[in-house]
Number of protein chains: 2
Amino acid sequence: MAAKGEQTREHILATAEKLILQRGYSGTSIERIISESGITKGGFFYHFDGKNDLAKHLILRYLEQDAVFFNGLLERARALTEDPLQQLLIFLKLMGEAMTDLPGSHPGCLVASFTYESHQFDAEVRRLNAEGILSWRRIFIEQLTEIIEKYPMKIELPLDNLADMLTSIIEGGIVISRCLDDKNVLPNQILQFRNYIRLLFEDA
Amino acid sequence: MAAKGEQTREHILATAEKLILQRGYSGTSIERIISESGITKGGFFYHFDGKNDLAKHLILRYLEQDAVFFNGLLERARALTEDPLQQLLIFLKLMGEAMTDLPGSHPGCLVASFTYESHQFDAEVRRLNAEGILSWRRIFIEQLTEIIEKYPMKIELPLDNLADMLTSIIEGGIVISRCLDDKNVLPNQILQFRNYIRLLFEDA
DNA sequence: GGAAAGATACCGACCAGTTAGTATTAAATA
DNA sequence: TATTTAATACTAACTGGTCGGTATCTTTCC
């Protein structure tokens, strides 16, 4: 069990992320964060060197959790089949199911949220933000590389574009889901991308 | 030529949109907007009934300009061919070119930006925001409806999901473009969607 | 046609409240 | 008892918004 301080720190981060995804980073005051998480200003500043430092640790935490989520689904897919194409299709189906099982619309992506306020952060937070997108690209390119060794692509196209398309679909699906308050949009979009992958690699 | 007041108002809106896409709505103070647009606080409050009113007029203006843009490309595509599928493919190519011709990365989508700060707005601004996504869906469904009257779909799927995919691609492509500061990502994503449309409707 | 009144388009000082952050002190814990 | 964790009071700057005002233009009236 983590130290008392670690628990408080994690609680602050969880609360801050929730509020920031609702109102944006600038629209979420430290006052609102401490009020909702039940600590005081001194407690906040004991754990964080300021609001930008909070942002930095939020994005680090977010990317770590996302990596765990993506890699967890990939490992499950890999355990179920040896075929790299089927692994990706299973991965996408599992992701769609995970999004369907959310209690409401997806709360949002911190990377996108920070991107839409990019001028409010220092260079390090912006760099970590970009690093997030690049790490997703790398994960997907790895899988796609295994696929094209075994299956020819119906349309020749760069793998980073195709890898980015999954990120696009997720980011865009989140925006539409939240905007329309319709939790089914994101899973449906993921399944669309799955259709595209099938059309690209499977025989008719 | 619009009245002096109309010109000032449009100037405030253009400046506000640029700044809000950089720092978010909450991260953009009225002070920053008036400073950058060269008027005073009183001048601002002469034109707008407050910051939320500014947001309302920003989203109305944004959706109007977007409709003009989308419908302009669609009309051009329709002028070039009678075939609904080719119209969509041309439309997507034209859109990709328009995104390629931007001086830098796409500045951002106001609907997505406002969605990521949704709790900072009143119900009317949120409703207008949702209306934007729905209007895009309607435009694309119209075109897709004409296509499926003539071409069978290789995978049976709801048209609103497919229509939403273009919105997803654009929203997601914008996030990746900005985050990585790479202006080619968005056009490439649009062309990916175009590939998917071809695979769905064209014979192999 | 010129004076008076009204409309338009702002200016800038001021206000109350909120903000991020600091200094000091206190409580909890190992 | 030393360290960790937190509370409290406070500060200076910033925020959204109000209000009394000015300058200019337009309309009305004599």
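Excluded from the calculations below are hydrogen atoms, water molecules and symmetry mates; all remaining heavy atoms, backbone and side chain alike, are included.
By the 6.0 Å contact criterion, CZ on R138(B) is enclosed, its count of non-hydrogen atoms from other residues, nucleotides or ligands being greater than 12.
Think of the region where chain A sits on DNA chain D: with heavy atoms and a 4.0 Å cut, that region ends 5' and 3' at dT4(D) to dT8(D). With a cutoff of under 4.0 Å to any heavy atom of chain A, the contacted region of DNA chain C is bounded 5' to 3' by dT19(C) to dT22(C).
Here G42(B) lies in heavy-atom contact (under 4.0 Å) with a base.
A donor-acceptor pair under 3.5 Å links the side-chain atoms of K154(B) to the main chain of E202(B), judged by distance alone. Put simply, the side chain of Q120(A) never gets that close to the backbone of Y25(A): no donor and acceptor are under 3.5 Å apart.
By the salt bridge (Lys or Arg N to Asp or Glu O under 4.0 Å) test, R23(B) pairs with no residue at all, sequence neighbours left out.
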Compile the donor-acceptor pairs under 3.5 Å between side chains in residues 31-45 of chain A and protein atoms, sequence neighbours left out, one pair per line.
residue: E36(A); atom: OE2; partner: K18(A); partner atom: NZ; Å: 2.7
residue: S37(A); atom: OG; partner: I33(A); partner atom: O; Å: 2.7

In residues 90-104 of chain B, what donor-acceptor pairs under 3.5 Å come from side-chain atoms, sequence neighbours left out?
residue: T100(B); atom: OG1; partner: G96(B); partner atom: O; Å: 2.9

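L74(A) contributes atom CG, which lies 8.0 Å from atom CG of L88(A) (distance to the nearest 0.5 angstrom). The line from CE of M165(A) to CG of L159(A) is 14.0 Å long, rounded to the nearest 0.5 Å.
Within a heavy-atom distance below 4.0 Å of DNA chain D, no residue of residues 9-36 of chain A is found.
For D182(A) and S105(A), the side-chain atoms include no donor-acceptor pair closer than 3.5 Å.
With DNA chain D read from its 5' end, the first of the two nearest nucleotides for K51(B) and H47(A) is the one closest to H47(A).
A cation-pi arrangement is found for R178(B) relative to Y116(A), the charged atom lying closer than 6.0 Å to the ring centre and inside a 45° cone about the ring normal.
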